[in-house]
Amino acid sequence: MSITQAEFRTAMGCFATGVTVITVDDQGEVQGMTANAFASVSLDPLLVLVCVERSTRTHAHLHAKKRFGINVLAADQRVISEYYALPTRTHDQAEEKAGARFDRTAQGTPILHGALAYIECRLHSVQDAGDHTIFIAEVEDVVVRDGEPLLYFRSQYRDIEPVGH
């Protein structure tokens with residue numbers, strides 16, 4: 001049986017996900033990318049993973065810096081998700097074009113204002129996987145806020161609806 005990349009993408013689109021923006025400090029500037037290939041790995045030790053395409057700028061930054069943030073986007077942060085999904089994005093236009101503003105942790109890792117959750121990570125290990133790399137990271141800190149998540153399903157952003165509607 002031979003499946004096309006398009007068929008595979010369609011099948012994977014049936015899995016609803018939250019949306020994150022991965023952030024890393026690069027000489028005082030925030031570098032980031034939208035990612036929905038994110039998951040928890042372990043409770044002991046606390047580990048998460050994110051899958052990043054090798055050709056992205058963020059891929060090189062994660063390898064070099066070994067410290068990054070995972071910002072779980074809130075329902076009202078769709079424009080930020082779309083901005084950080086652009087291959088041509090630059091940090092100097094993130095606030096103007098998408099409303100993205102950042103604070104810094106004690107280690108200098110960028111935290112996105114308004115994110116539903118923030119997870120500060122230190123790189124633990126990497127695994128090549130096709131055209132992506134799986135970055136496994138130890139969780140060093142978390143911040144959680146009230147609100148609803150930004151969701152992605154079948155190539156569209158979605159809202160949570162109460163069960164039975």
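In what follows, residues are counted from 1 in the order of the sequence shown.
Side-chain N or O atoms of Asn71 include one that pairs as donor or acceptor with a backbone N or O of Val21 at under 3.5 Å. Between the side chain of Arg9 and the backbone N or O of Thr4 there is no donor-acceptor pair closer than 3.5 Å. Distance alone, capped at 3.5 Å, is enough to place a donor-acceptor pair between the Arg145 side chain and the Ala115 backbone. Checking side-chain atoms of Thr23 against main-chain N and O of Pro110 turns up a donor-acceptor pair under 3.5 Å. Without hydrogens or angle criteria, Asp26 side chain to Glu29 main chain gives no donor-acceptor distance under 3.5 Å. Counting only distance, with no hydrogens or angles, the side chain of Thr20 and the backbone of Asn36 share no donor-acceptor pair below 3.5 Å. Between the side chain of Thr10 and the backbone N or O of Ala6 there is at least one donor-acceptor pair closer than 3.5 Å. A donor-acceptor contact shorter than 3.5 Å is absent between the side chain of Arg67 and the backbone of Gly108.
Looking at Asp128 and Arg54, their side chains come closer than 4.5 Å, going by heavy atoms from C-beta outward. Side-chain atoms of Cys121 and Glu138, non-hydrogen and from C-beta on, never get closer than 4.5 Å to each other. Counting heavy atoms from C-beta outward, Pro149 and Leu73 have side chains that stay 4.5 Å or more apart. Looking at heavy atoms from C-beta onward, Arg122 lies out of side-chain contact with Phe68 at the 4.5 angstrom threshold. A 4.5 Å side-chain heavy-atom check between Val52 and Thr133 finds every atom pair outside the cut-off.
For the side-chain hydrogen bond (donor to acceptor under 3.5 Å, both in side chains) test, no residue two or more places apart in sequence or in another chain qualifies with Ser42.
Under the 4.5 Å side-chain heavy-atom criterion for ILVMFWY residues, no single connected hydrophobic cluster contains both Val30 and Met33. Cluster membership for Tyr118 and Phe38, using ILVMFWY side-chain heavy atoms within less than 4.5 angstrom, is not shared.
Rounding to the nearest 0.5 Å places NZ of Lys97 at 8.5 Å from CG of Leu86. The OG atom of Ser81 sits 5.5 Å away from atom CG of Leu150, with the distance rounded to the nearest 0.5 Å. One distance of note links CG of Leu151 with CZ of Arg78; it measures 12.0 Å at 0.5 Å rounding. In this structure, CZ on Phe135 lies 14.5 Å from NE2 on His124, to the nearest 0.5 angstrom. With values rounded to the nearest 0.5 angstrom, Tyr83 atom OH is found 5.0 Å from Gln93 atom CD. Atoms CZ and CD1, on Arg104 and Ile111 in that order, are 9.5 Å from each other to the nearest 0.5 Å.
Closest of all the heavy-atom pairs between Glu148 and Leu116 is C-CD2, 3.8 Å.
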For this session: Applying side chain to side chain contact (heavy atoms under 4.5 Å, CB included), run through Asp103 and His113 and close with a yes or a no.
Result: CA-CA 7 Å; Asp103 284 327; His113 281 221; 3.1 Å; yes
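A donor atom on one side chain and an acceptor atom on the other are not found under 3.5 Å apart for Gln107 and Thr109.
In summary, of the residues considered (Leu112, Val48, Leu49, Val142), a side chain to side chain contact (heavy atoms under 4.5 Å, CB included) with Ile70 occurs for Val48 alone.
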